[in-house]
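These figures come from a predicted structure and were not determined experimentally. So you know, we letter chains A, B, ... as the sequences are listed, proteins then strands, and number each from 1.
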Amino acid sequence: MNNLQSLRGMVDLLPAQTMSWQFIESFARKHFRKASLEEIRTPILESTELFARGIGEGTDVVGKEMYTFLDRGDRSCTLRPEGTASVVRSILQSGLINQGPQRLWYNGPMFRYERPQAGRQRQFHQLGIELFGFDSVQSDVEVIAIGWDFLKGLGLKDLTLELNSLGTNEDRKNFRTRFVSWLEDRIAFLDKDSQDRLTTNPLRILDTKNEETKKLLLDAPCLQNSLCTKSRERFEDIQATLKFLEIPFKINNELVRGLDYYSHTAFEITSDNLGSQATVCGGGRYDGLVSELGGPETPAIGWAIGMERLILLIEKELNLVNSTPDIYLINKGNQAGEYALFLSRALRQSDISVEIDHTDSAFSKQFKRAYRSGANWAIVLGDNEIVEQRFTLKSIKEKSDSNSKSPLFLFSQIEKLITYLNERT
RNA sequence: GCGGGCGUCGCCAAGUGGUUAAGGCAGCGGCUUGUGGCGCCGCUAUUCGGGGGUUCGAAUCCCCUCGCUCGCCCCA
């Protein structure tokens, strides 16, 4: 291997993959348009402070996963690790926040300094939506439904919607106090990771993978019991509304989103067809974020889909084929090459896609490539055609003998050819 | 940051101490100055991720290093 390689965790999207990406992106645009969401595009680079304040100093993302550096003016800059903080900053800066509720979507690269594995890269892409200015139960459910319908609409199966409520900041504070003191009494029975988290991020202990700790936690105080009546009723309303819409879900009380700004509704859509990183869509409500970043108190809710994970599912569950040209233009000889160029422009102007063979190699080779190109038709231009002022059209797809007697056309009759092709394809 | 697996041609690979490193795909040329997935013939790695060591002899054994990959952590 030479040393000109992409950086670790930064991957190229080769022609074999871009078909799937385009498929998802165009489906997303249609889907979001129907949901009356507008696209927003924000810079990839932001001030470090935005993420530190928005995501939370104590989180792993801010603590050890950010691509942060000083620019030439000694400002601390960070490649965005997620989209929400930037979107909030943008609507505050532009004043959109004062123009009524906002319904937005975005799509773009995000960066986190982690060890790559299946379904995780250092540069990855998130497709997300954010609604600002709504606090109703219905707005939560609409956001979930938009995500659910999007993934279902793509044709994916084996999806599970997992749901939890984190309550208000107040609820979580109360729970944290009870939970930590309960754990401190049993600290000796905790695994090492959980002991560490007791001081850094105790709520995440609920997510432990350690079997012993899991058993221990069965008797632990749970967040649900610390929710105030209002929070609890709200969560029940969410569930009832999802049932009304016939969107299946599973309550997962261990679901604790890793970013500080979440409150009330938290959800993930997972798939069995991913590796250990099973979450394809994650989101929730974050009523405190806008004010945290200096704006007016504004309720907000959204989600993000990991594009690479979605691609994994699409490639596994769907069968997309790369596009092929309509016509492969075989030509040999300098003059034929010039005519081929001329002809290709006329055809392309009529929305017919054409691939020209520029190799000037033996006709037999060019035919082989024509076949492999996947084109339905081949046009042959050589000395004979030049002399006789015509070209030969052959069907590649229908390989019958009659095609060798395909009609001939004068150069001046390109329109006839176009009509003919349109009728045949 | 911590574990496991793996690096032989553009791609997929066989080869586990002994003379010139299989094979397949793709590519190029020919059989066939101009007609189709096939067939046949020929060409394409002085070298096995990189560096050092052991040995008469290393792709094969040892050490170091780089990279990829899967998992932990965490998240999309």
Side-chain angles (χ1 to χ4, degrees), chain A residues 1-3 5-9 11 14 16 55 59-65 81-84 107-128 147 151 191-194 196-197 200-201 204 207-210 255-259 262 267-271 274-284 302-313 328 330-333 336 359-375 377-387 392 394-401 403-404 406:
Chain A
M1 283 302 141
N2 65 57
N3 38 14
Q5 287 191 77
S6 63
L7 264 24
R8 175 183 300 219
V11 308
L14 301 176
I55 299 171
T59 61
D60 280 10
V61 170
V62 173
K64 56 181 194 189
E65 294 171 5
E82 55 106 50
T84 302
N107 178 27
M110 309 291 165
F111 302 84
R112 290 184 199 172
Y113 193 90
E114 299 179 272
R115 278 295 280 274
Q117 68 185 75
R120 174 196 286 160
Q121 296 159 195
R122 289 183 170 182
Q123 176 176 336
F124 62 106
H125 296 75
Q126 283 187 339
L127 174 69
L151 295 173
D191 60 278
K192 173 90 175 56
D193 279 347
S194 296
D196 291 345
R197 282 195 214 154
T200 57
N201 200 344
R204 294 222 56 96
D207 268 352
T208 186
K209 305 289 188 294
N210 183 286
L255 179 63
V256 180
R257 319 244 61 250
L259 313 184
Y262 287 105
F267 65 93
E268 287 185 358
I269 300 174
T270 59
S271 169
L274 290 166
S276 67
Q277 306 299 325
T279 304
V280 65
C281 174
W303 51 248
I305 281 175
M307 283 290 282
E308 282 77 5
R309 292 182 189 175
L310 182 51
I311 293 286
L312 288 176
L313 294 177
Y328 193 92
I330 292 169
N331 64 98
K332 190 162 175 57
T359 63
D360 204 41
S361 52
F363 280 95
S364 62
K365 294 291 175 191
Q366 293 199 44
F367 268 101
K368 238 172 222 176
R369 280 193 286 270
Y371 183 82
R372 290 198 178 131
S373 77
W377 302 90
I379 284 177
V380 184
L381 282 176
D383 292 344
N384 295 348
E385 282 80 2
I386 299 306
V387 169
T392 305
K394 299 175 87 69
S395 167
I396 295 178
K397 210 177 190 178
E398 305 153 22
K399 215 178 125 191
S400 58
D401 284 355
N403 289 307
S404 59
S406 289

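A:V280 pairs with exactly one of A:L274, A:L312, A:T270 by the side-chain contact (heavy atoms from CB on, under 4.5 Å) rule, that one being A:L274.
To the nearest angstrom, C1' of B:rA76 lies 14 Å from CD of A:Q123. We find that CZ of A:F367 is positioned 11 Å from P of B:rG34, with the value rounded to whole Å. A:K365 places its NZ atom 8 Å from the P atom of B:rG27, with the value rounded to the nearest Å. When the C1' atom of B:rA76 is taken as reference, atom CZ of A:R112 falls 6 Å away, rounded to whole Å. Between A:R369 atom CZ and B:rA26 atom P there is a gap of 13 Å when expressed in whole angstrom units. In this structure, the CD1 atom of A:I379 is 15 Å from the C1' atom of B:rU35, given to the nearest Å. The distance between atom CZ of A:F111 and atom C1' of B:rC75, rounded to the nearest whole Å, is 16 Å.
With sequence neighbours left out, A:R120 forms a salt bridge (Lys or Arg N to Asp or Glu O under 4.0 Å) with A:E114. For the salt bridge (Lys or Arg N to Asp or Glu O under 4.0 Å) test, residues two or more places apart in sequence or in another chain that qualify with A:K64 are A:D60.
Across all strands shown, B:rC12 is found opposite B:rG23 as a Watson-Crick or G-U wobble partner, with both distances under 3.5 Å. When Watson-Crick and G-U wobble pairs are counted only if both distances are under 3.5 Å, B:rC68 pairs with B:rG5. Pair check for B:rU55 finds none; no Watson-Crick or G-U wobble contact set falls under 3.5 Å. Searching all strands for a Watson-Crick or G-U wobble partner of B:rC28 with both distances below 3.5 Å returns B:rG42.
Here A:Q117 reaches the OP1 or OP2 of B:rG71: one of its side-chain N or O atoms lies under 4.0 Å away.
A:V380 comes within contact range of at least one nucleobase, with a heavy-atom separation under 4.0 Å. Heavy atoms of A:R372 sit under 4.0 angstrom from primed sugar atoms or phosphate atoms, though from no base atom. Across all strands shown, A:E65 has heavy atoms under 4.0 Å from sugar-phosphate atoms exclusively, and none from any base. Across all strands, A:A362 comes closer than 4.0 Å only to sugar-phosphate atoms, never to a base (heavy-atom distances). As judged by a 4.0 angstrom heavy-atom cut-off over every strand, A:R8 is placed among residues touching the sugar-phosphate backbone only.
Of the candidate nucleotides B:rG67, B:rG34, B:rC73, B:rG67 has the atom lying nearest to any side-chain atom of A:Q5. You'll find that the side chain of A:S276 is closest to B:rC72, out of B:rA76, B:rG34, B:rC72. Closest approach to the A:A118 side chain among B:rA76, B:rG71, B:rG34 is made by B:rG71 (side chain taken as heavy atoms from C-beta onward).
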All N/O contacts under 3.5 Å from nucleotides 40-45 of chain B to the protein, with atom names and distances to one decimal?
none

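Judged by atom type and distance alone, A:Q366 does not reach the base of B:rG36 through any side-chain donor-acceptor pair under 3.5 Å.
Judged by closest nucleotide on RNA chain B, A:R115 is the one of A:R115 and A:Q277 placed further toward the 5' end. RNA chain B is contacted by both A:E114 and A:V11; A:V11 maps to the nucleotide lying nearer its 5′ end (nearest heavy atom per residue).
Separation of the P atoms belonging to B:rC11 and B:rA26 is 16 Å when rounded to the nearest angstrom. Taking the C1' atoms as reference points, B:rG4 lies 22 Å from B:rC61, given to the whole Å. B:rC43 and B:rC48: their P atoms are spaced 23 Å apart (whole Å).
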